[in-house]
Each structure stands twice: as C-alpha cells, then as structure tokens.
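Just so we're on the same page: letters track the sequence lines, and every chain starts at 1. Just so it is clear, the model here is predicted, and its values are computed rather than measured.
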There are 2 protein chains.
Amino acid sequence: MNINEIARMAGVSRATVSRYLNDGYVSEEKRDAIRKVIERTGYVPSSQAQTLRTGKTKLVGVIMPKINSESVGRMVAGISEVLKDSGYQIILANTDNHEAEEVKYLKVLAEDQVDGIILIGTVFTPSHLKVMRDLRVPLVILGQSLEGYSCVYDDDYHSMLEMARLVLTHSHRPAFLGVTEKDESAGAARAKAFSDACAEAGIELPKGAMNSGEFTIDSGYSMAERVLRRIPDVDAFVCATDNIAAGAMACLRDQGRSVPGEVQVTGVGDSRLAHVVTPTLTTLHYYYRTSGAEAAKLLVSMMAGEDVVSREIKMGFDVVRGGSTL
Amino acid sequence: MNINEIARMAGVSRATVSRYLNDGYVSEEKRDAIRKVIERTGYVPSSQAQTLRTGKTKLVGVIMPKINSESVGRMVAGISEVLKDSGYQIILANTDNHEAEEVKYLKVLAEDQVDGIILIGTVFTPSHLKVMRDLRVPLVILGQSLEGYSCVYDDDYHSMLEMARLVLTHSHRPAFLGVTEKDESAGAARAKAFSDACAEAGIELPKGAMNSGEFTIDSGYSMAERVLRRIPDVDAFVCATDNIAAGAMACLRDQGRSVPGEVQVTGVGDSRLAHVVTPTLTTLHYYYRTSGAEAAKLLVSMMAGEDVVSREIKMGFDVVRGGSTL
DNA sequence: CCTTGGTATGGAATCGTTCCCATATCGACC
DNA sequence: GGTCGATATGGGAACGATTCCATACCAAGG
C-alpha cells in the first residue's frame, strides 16, 4: 500500500496525495476523497522513503556514558518527554564510559541517521573536539559546559562550594571523595570548589584528603577506607556523588563510626539512595530531568533551523539537608 | 558523495561498487580501485537509501515502562551490549507506565521503523494482544511470560516462594506489600507465591495483610504505615520490590520499630538500594542484565529469519541474604 | 567443437516519497 | 480584453542505494 495506490483509488495524482499529507492546495472534494481512502486502507506513508527524499529522519541520537545510572536516567526521561511531543524518536547509544565509543557514535550517528544529537558526555579528548567540529547536525551537550557549543549543565562549582561551606561550619578535618579530574564537571569543578571552601575557612588539607575514584558505591567504600587509615581523625566526607557517599557511609557503619556525630557525610544528586540510607544523606539536588528537557528543547529549535546562537543554560540547584550533617 | 560518484572515480559501474560493498563477484583489480577511492573520499553508503531499497532498518525498538528504573536500566544495558555487536542500533520508546502509549509505540515502530521489537511490558490489555497479533516484525517480550510469544522472564513465583518460606521460619504475622495484580509477574505471581507459602505454613492471613501499591519508595512507606495501623503486631514485610521494601524500612525507622528484631523486611531485585540501607536488605537477585542480553540474542536470531519456534527463557535467581531478616 | 557453469560486469528497474515545473481555471483590476 | 495573482492539479525527475537480467569471457568435459 503506497501513495500511488492511494492516488489511484482516490482518483487523483500522486502529487495531490502528497500535498494532502503535507501542506497546500487541495480542493475540498479531493481532500475528502483522499481522507476516506486513507481511513479505509489505514495507509501510513513510508518514513523510509520520506527520509530518503527529504533528508530528515525525525530521529535524535542520545549518547550516554551509562544507561543504568540514576542521573542519566532522569536526564533521558526529560529528553524523551520533550521529544515525544515534537514528533522525534530517540535513538540510544550507550558507551559504557568508553571514550572511543563516544567518538565512534558521534561519527556514525551524524553520518546519516539522525537530525540532531544530545551528548551526555564526561570527558572531552582532542578526537572528540575534532569529530564535533565537523559534525553536520546540531549538537547539544548535556552535563558539561564547552566553549562554542550549546550546552545545558549544572553549577557544579557553586553548588559544591555552598555544600562545603555548610559542612565546614562543624568540621575541621574534612576529606573529599571525588572522581577523575578529566571530568570537568563532576570531577574538576567539584574538587576545586571543595578545596576553595577549605582555603576560605583557613583549613590546610593534609595529604590524602583529596581522593579520586569511580562513580560507584564500591569505590566510595574503598576511598573512605583509605582515608580512615591515613587520616584517622577525619570528621567529614564530602563526596562528589551520592553513590560514593553511600559507599562511604557503609564503610563508616562497618567501622563503627557514627554519622554525623563523628563523621559528617554529603553527596551530590539527590538520588533515591540519599533518602533510604540511615541517616538520610545531605545532598545537592540537581534538576536532571529538567536539564534533559531543556537540552531537548534547545536541540529542537536548532533542528528547526532557527539559528540559535549556541546557547548555554546553567541550571540551578538546591541543598537538600538530610541527617548526615550537623 | 554517493555510489555513482564512487563508481565514476573508480572507473566501474554503480552495480560493481554495490557488489563490492555487499557480497560477490568483483575482480581483484577493481576491488582494489574501489577500496582506494572509498578510503580517499571517506564514502559511507546512505543507510536511508539502503533502508528504502532493502526494507531493513538495522534498528531495534525497545519499549519500556520507565527509563529511570534500575531494573529496566540493567535490562537495557544487556540489550545494548548484544545489539551493538550485531550492528543494530536501539531506538528507545519510553511509555512512563502508560498502557496506551505502549500500544501506540508498538504500532508506530512496527509500521516501518524497526526490524524487531523488545517489549519490557507490565500489563497486557486486549488492545495489546490485538496489535501484537498483527505485528509484521519479530517481537520478544521481556519480564513477562505470554503464551505464543518469545519471552524472557524471571521465575517470579518460585523465587518469591523461596523467599517467603525463608521469612516464615521466624514469622507468624507477615504482611505482603505488592503491586497491581494486573502485572502478571511483579504483581500476581509474587503475591500468589506469598499467600501459597503462608497457606503451606498454616498461617491464616488477617484482613489487610495483602497490599497493593505503586513501584515506588513512597508507596512502600504508605503501605507499611497502613499495615502497622491495621495489624499492629505484624512481624514481617515481604515486599514485591526493593523500592517498596526501602520505603517500608524508612517507615519502620520513623516509628521506632527495629529491623529485623521486631519486623523482618525483604525486597526483590537486588538493587543498589538493597546494599545501602541499614540493615542491608534481604532480597532476590534477578539476572536483569543477562535477561536483556538473552532477549536481544533471541530477537537477533528471529530477525535473521531463523524460524525460532517462539521460545521461552525462564531465568534463574538467587536469594541474597542481608541483615533485614532473621 | 559445442555445451555448461563459474566468474565478472554494466544497464536499467525499483523502493515510495517530495517537489519543481508546466498547465489550467477563475475572479479582479486597470 | 488582456494581465496578474491565487488556487488547483498532474507529470516527471530526483533521493541513493540494491538487484534482476543480459551479456561476455574462459576453462573443463563429453
């Protein structure tokens, strides 16, 4: 069942059916005739042929470092919410934190497949930049800020600064449990905010106070273990993610240290985890879902050809006070 | 840059280039010539044109009830792992637990867009069955079992039976916190297993012992609250998901009841949550990632045309003992 | 020597749309 | 009355591949 059949059955030309389906100039009678035939046959235009002819796929590629992560999940939920209404489908590319995969997908997707790309990136290597420069479809970066590109990101620095200040009102021997500094946002920015806050409070950080690991609970556990060995009188764990904080709390529990009495703990992300640990976790709420939605909106307008001067959207944040701080 | 250009530059016909790209019969010399031109120009065949001509999209649709859920995330990770290697891309459809959306996506995706579909379903309505019956692409159902379709699912009944038996060795006033029975797997099967285990142990369940709510922590909290009012001497909460169990534990904590001393608690899913609550949660480990991978493998072979007699794969499980049971 | 089958190649049709162009009618306006 | 713009319609050329078919060469086998 194709457009020719429909045209024949409705007694009009193929071109008229096409016009009926898209925009202009079809008389009332023919319009009726075509509508009837289409209803009766349940005809749906082949999106593949449309794609070939128009060069528009109505697909958006979302490249993400890890599908089963709560923050990414929330972002994608926001993206999907917006794109659904704009008639776009999401095509998913999961890189499992493998930078090379990220570059590969950028290339493959842009080749043909999609009208636009949202990159939930972590680390930008030179080959990232190269591929991104000669991309032929609009790109929005989510979760990181990068000069010259449209991006939606969280205020990692100031939010962590505020969190650190809060902790430091009752802490003199704090330690930081973070992730790789190659990650500008979750890594470098949060670490810098922490050490700036310490400097501001006149605290000199001992060796071993700044740590870097993975985004996992296990990594949080082992970093905490290590700090407790090297700085036995540590009195606060400021963590770069809720996962890490949860790991740290597990470690403290196992070693019989009370939270927040002996050691305060804070996380980032306001994940479900934060609300079920005992005591509940003081954490930073980032508007992940909303930032996903904003990124999608931005991309939609870019794909519509409005020459959005590459925009940056910095999201707000809230400090969520749980029982893990004084 | 299209196949004609390449053909011209290599001094061969378009057909020969196409044969070079696909299978047979190209002489060594021409093969070399074509390869050189392709390397130099970086030519990549238009997948849209290929799709139009061959009818194969190299896309697989994955319909899921909720993207930011840990179990779904794990399943999708498994799917993506397998499909990546088979040259398929994933196209994502998030229904946000809206059954009508599920049906809509089944229709839309099958229309044209994808070579196969994996449905991570929850509830099957008559309109589901109707659409699924006249689908023109292979379908694999993940997480539920449905007569006549290929499916990969967990042994909800027997795993919960085992869990309930474990709890009942030290409990005489247990309650069940579940989800809607319209969900055959997570709802009906787990609830039945629980009541069967109780019957087996000679326990008569009081009114209010069987509960049904949402898949959320909050819902777990309020269900627990309600049971504590109606059955004050309840001594175990057997929950249909870890989220619900986490909510129940939060409620018990708030009401000053000790776990597992006064009330035992169990979950299902072996989520990260289960390991960070205090005490850690006794839960059922389901092989979500593996089941996603299995579903994908099944679909790949179906798409390859091997007439797989619609197969069922029932996954195994483990009981993970945490501190929340005696 | 003629047939047969494997190897190799190009021409042309095809997939199902969109959209440019040519054409036509009709009322309005100078 | 001729020109002009708006409305309406169909013919046909793309879009960029795959694939059927015809053709041709060459070695082997009877």
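Distances shown here put a side-chain N or O of A:Q50 below 4.0 Å from the OP1 or OP2 atom of C:dT18. The phosphate of C:dT23 (OP1 or OP2) has no side-chain N or O of A:Y25 nearer than 4.0 angstrom. Between D:dG10 and A:T16, a contact under 4.0 Å exists linking OP1 or OP2 to a side-chain N or O.
Partners of B:Q48 by side chain to side chain donor-acceptor pair (under 3.5 Å), not counting sequence neighbours: none found.
In this structure, A:L21 places its CG atom 12 Å from C1' of C:dG16, rounding to the nearest Å. Per the geometry, CD belonging to A:Q48 stands 14 Å off P belonging to D:dT18, to the nearest Å. Whole-Å rounding puts the A:I34 CD1 to D:dA8 P distance at 12 Å. Atom pair A:R31:CZ and D:dA8:P shows a separation of 8 Å (rounding to whole Å applied). Rounded to whole Å, atom C1' of D:dG11 lies 18 Å from atom CZ of A:R8. Here C:dT9 presents its P atom at 17 Å from CD1 of B:I6, a figure rounded to the nearest Å. One can place CG of B:N22 at 17 Å from P of D:dG16, the figure rounded to the nearest angstrom. Rounded to whole angstrom, the span from the NZ atom of A:K56 across to the C1' atom of C:dT17 amounts to 16 Å.
For the pair B:E29 and A:V17, nearest-nucleotide mapping onto DNA chain C gives the more 5' position to B:E29.
If you check every strand for non-hydrogen atoms under 4.0 Å, B:S46 touches sugar and phosphate atoms only. Using a 4.0 Å heavy-atom distance criterion, B:Y20 is classed as making no nucleic acid contact.
B:S18 contributes atom OG, which lies 12.5 Å from atom CD1 of B:I6 (distance to the nearest 0.5 angstrom). In this structure, CD in A:E294 is found 11.5 Å from CD1 in A:I79, a value given to the nearest 0.5 Å. Interatomic distance, CG of B:L146 versus CD1 of B:I141, reported as 4.5 Å (0.5 Å rounding).
The side-chain heavy atoms of B:D115 and B:V60, taken from C-beta on, include no pair separated by under 4.5 Å.
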Distances under 3.5 Å only, N/O to N/O: pair up the protein atoms with those of nucleotides 11-15 of chain C.
from	atom 1	to	atom 2	distance (Å)
C:dT14	O2	B:R53	NH1	2.7

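Under a 3.5 Å cut-off, the side chain of B:T122 and the backbone N or O of B:D183 do not form any donor-acceptor pair. B:R136 contributes a side-chain N or O that, together with a main-chain N or O of B:E111, makes up a donor-acceptor pair within less than 3.5 Å.
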